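Accompanying notes for the structure given below.
In this text, all values refer to a predicted model and were calculated from it rather than measured experimentally. Order of the sequence lines sets the chain letters (A, B, ...), proteins ahead of strands, with each chain counted from 1.
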Protein chains: 2
Amino acid sequence: MTVNVKDVAAAAGVSAGTVSNALNHPERVAPETVERVRRAIRDLGYVRNDAARQLRAGRSRSVGLIVLDMRNPFYADVARGADARAEQDGLSVLVSDSARDGERERRLVDLFAEQRASGVIATPLTGDLEHFERLAERGVPVVLVDHEGDSDGLSTVSVDDRKGGRLATEHLLARGCTRIAFVGGPSGLRQVRDRFEGARAAASAAGAALERVEIDDLTVRHGRAAGEALLRRPTGRRPDGIFAANDLVAVGLLQALTMTGGVRVPDDVALVGYDDIDFAASTVVPLTSVRQPAELLGATAIELLAQSPGEHVRFEPQVVVRATA
Amino acid sequence: MTVNVKDVAAAAGVSAGTVSNALNHPERVAPETVERVRRAIRDLGYVRNDAARQLRAGRSRSVGLIVLDMRNPFYADVARGADARAEQDGLSVLVSDSARDGERERRLVDLFAEQRASGVIATPLTGDLEHFERLAERGVPVVLVDHEGDSDGLSTVSVDDRKGGRLATEHLLARGCTRIAFVGGPSGLRQVRDRFEGARAAASAAGAALERVEIDDLTVRHGRAAGEALLRRPTGRRPDGIFAANDLVAVGLLQALTMTGGVRVPDDVALVGYDDIDFAASTVVPLTSVRQPAELLGATAIELLAQSPGEHVRFEPQVVVRATA
DNA sequence: CTGTTAGCGCCTTCAT
DNA sequence: ATGAAGGCGCTAACAG
């Protein structure tokens, strides 16, 4: 049915082994023969069968990337960084979305296990890493991104979220904010917890009040809803500084706060986001945010794949001061 | 090295064929034997080798999805729709980003060809579909999304962009706008061209002026820059209605226009976006936009994969009126 | 109900 | 420089 090496070999008047060599080790084959094989391939429309190659090689040339939420541009940036770096190694990155669903995450891990992926990079949903550990034990290198690692078999690339939370809050405090609110959730997410912890540490060190506003998801919509709730409070009971768990939430807050015109940002309320997504620079009032080097995270993850497991690389977050705080 | 069917068979005291049957056709195997096999699998940590299965089956259970730009939430929604529908058929969707790079797009097509994907869904970069046609000829079902198709071998799922452009513009005209600007680009993108064509048709039918503001990319950043340029014009020379080629651009425009407070939206300038991304409902002034049923596009694409090639499904866009126009 | 056999397409020795 | 042969792991067909 489909054209295979033998067909190509017959058309080129050589043997299958020679076709393979012409393809994978052209230097071992007479230039003229290579040319003949090339032509036969073109004429017949031959396409290598990756399954057969993999079966032989025992390993695929693809890396699975499991992200928490494809809609968050932060992960798109991580993917892009991974992609660019992988290309250098002749690897392809295939992205899949766990959509914050543990069941899906596990299924995807199984999928990549069966595919004998040459590596899996994942932003895990929870601290339950058993399935990742099993994968690693079976010889598929695993790198966890945006996760502070502790598990031996797994490498991790992360950014110090606690520190990020601290920096954001210190920045607000330095501006003179005294009633600070942390807006984020669900608190089941490690990132959310750590950023809050950092904020709390900074606030209590300065003797400032820190309020926690819980939301169900890190989206613009939820941020906006939180902002509207804040607006309904009497002026005196509003925070004068807000630290949002990510930029999407910050954008939503900013929309809500500036919408009415009643609240001036940063004069009445200062605002700091997290991730420094591309969009942060373009908001109504350009957003001050804690930068995570997303593309670098992705690229580093690809690099760690090739190294021995249990490596942990941690980057430092950085406050990018724009106009909201 | 790795555990295979034979190892499992030995451990369970049966033959390899029986293990395979226990896994794929449990009803053909004595329940007790199935149980024994199951246990052996667990004990040994056996994971099926997908490459071998595929080699045998001649086809993989994965669908490749090639998107133009992972950062655009519209594509994330398409991916999600495809994903949900694929799950029902036991297929996995693997997303890859062509990043608007023709070279990358071609490489990804080759990759999925070699993988004998059970289908490829793509938002093509240009009208040059040769590589997709070749793929289809080789028996990999191809569905083009968000592309008005004409090629026989390829199925397409699309939304009538010309009509969308017309609707958006008619909506602005109905509000009383007389000097309309279309902000979008690059004009090499079919979507951009068609939406503009639709706008032009509507404008000229109404005898209204239509100006074209070209930008290099459909991002918030570029939209904002275009908005700032508009602000620098004397009031009299500004458009009173803007149709943005997508929501990201519209968001950027909205940021720029409302930022200074000098321009009121929609009173001074009305604004219509395109895609109706989730975020559109949460902008400073909630965005009026032309809705494309993104998830439905993805789901339909998966369905078309299983049908005979050359099917064309076209959805109708719809204006979602919010506050900007 | 279970075992045996054969072959999917490729690549890598080992010979020639 | 090229050819022949074997086997990667799996499953469908057939035999028992």
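In this structure, a donor-acceptor pair under 3.5 Å is present between the side chains of B:H312 and B:T156. Defined by atom type and a distance below 3.5 Å, a donor-acceptor pair is missing between the side-chain atoms of A:Q191 and A:H147.
Position along DNA chain C of the nearest nucleotide to A:H25 versus B:N21 favours B:N21 as the more 5'-ward residue. Mapping A:R36 and B:V47 onto DNA chain D via the closest heavy atom, the residue that lands nearer the 5' end is A:R36.
Here the options are A:D278, A:D77, A:N72, the test is side-chain hydrogen bond (donor to acceptor under 3.5 Å, both in side chains), and the partner is B:R71; only A:D77 passes.
Counting only heavy atoms from C-beta on, B:S15 has its side chain closest to C:dT4 among C:dT4, D:dG9, D:dT2. With D:dT2, C:dG7, D:dG9 as the choices, the nucleotide that has an atom nearest any side-chain atom of A:A30 turns out to be D:dT2. Side-chain proximity of B:A16 to C:dC10, D:dT11, D:dG9: nearest is D:dT11.
At D:dT2, none of the side-chain N or O atoms of A:T18 fall inside 4.0 Å of OP1 or OP2 (strictly under the cut-off). Proximity of B:T2 to the phosphate of D:dG9: a side-chain N or O atom is located under 4.0 Å from OP1 or OP2.
A salt bridge does not link B:D43 with B:R39: every distance from a Lys NZ or Arg NE/NH1/NH2 to an Asp or Glu carboxylate oxygen is 4.0 Å or more.
Between B:K6 atom NZ and C:dT5 atom C1' the separation is 12 Å, expressed in whole Å.
Residue-level contact check: B:R56 touches the bases, meaning some heavy atom is under 4.0 Å from a base atom.
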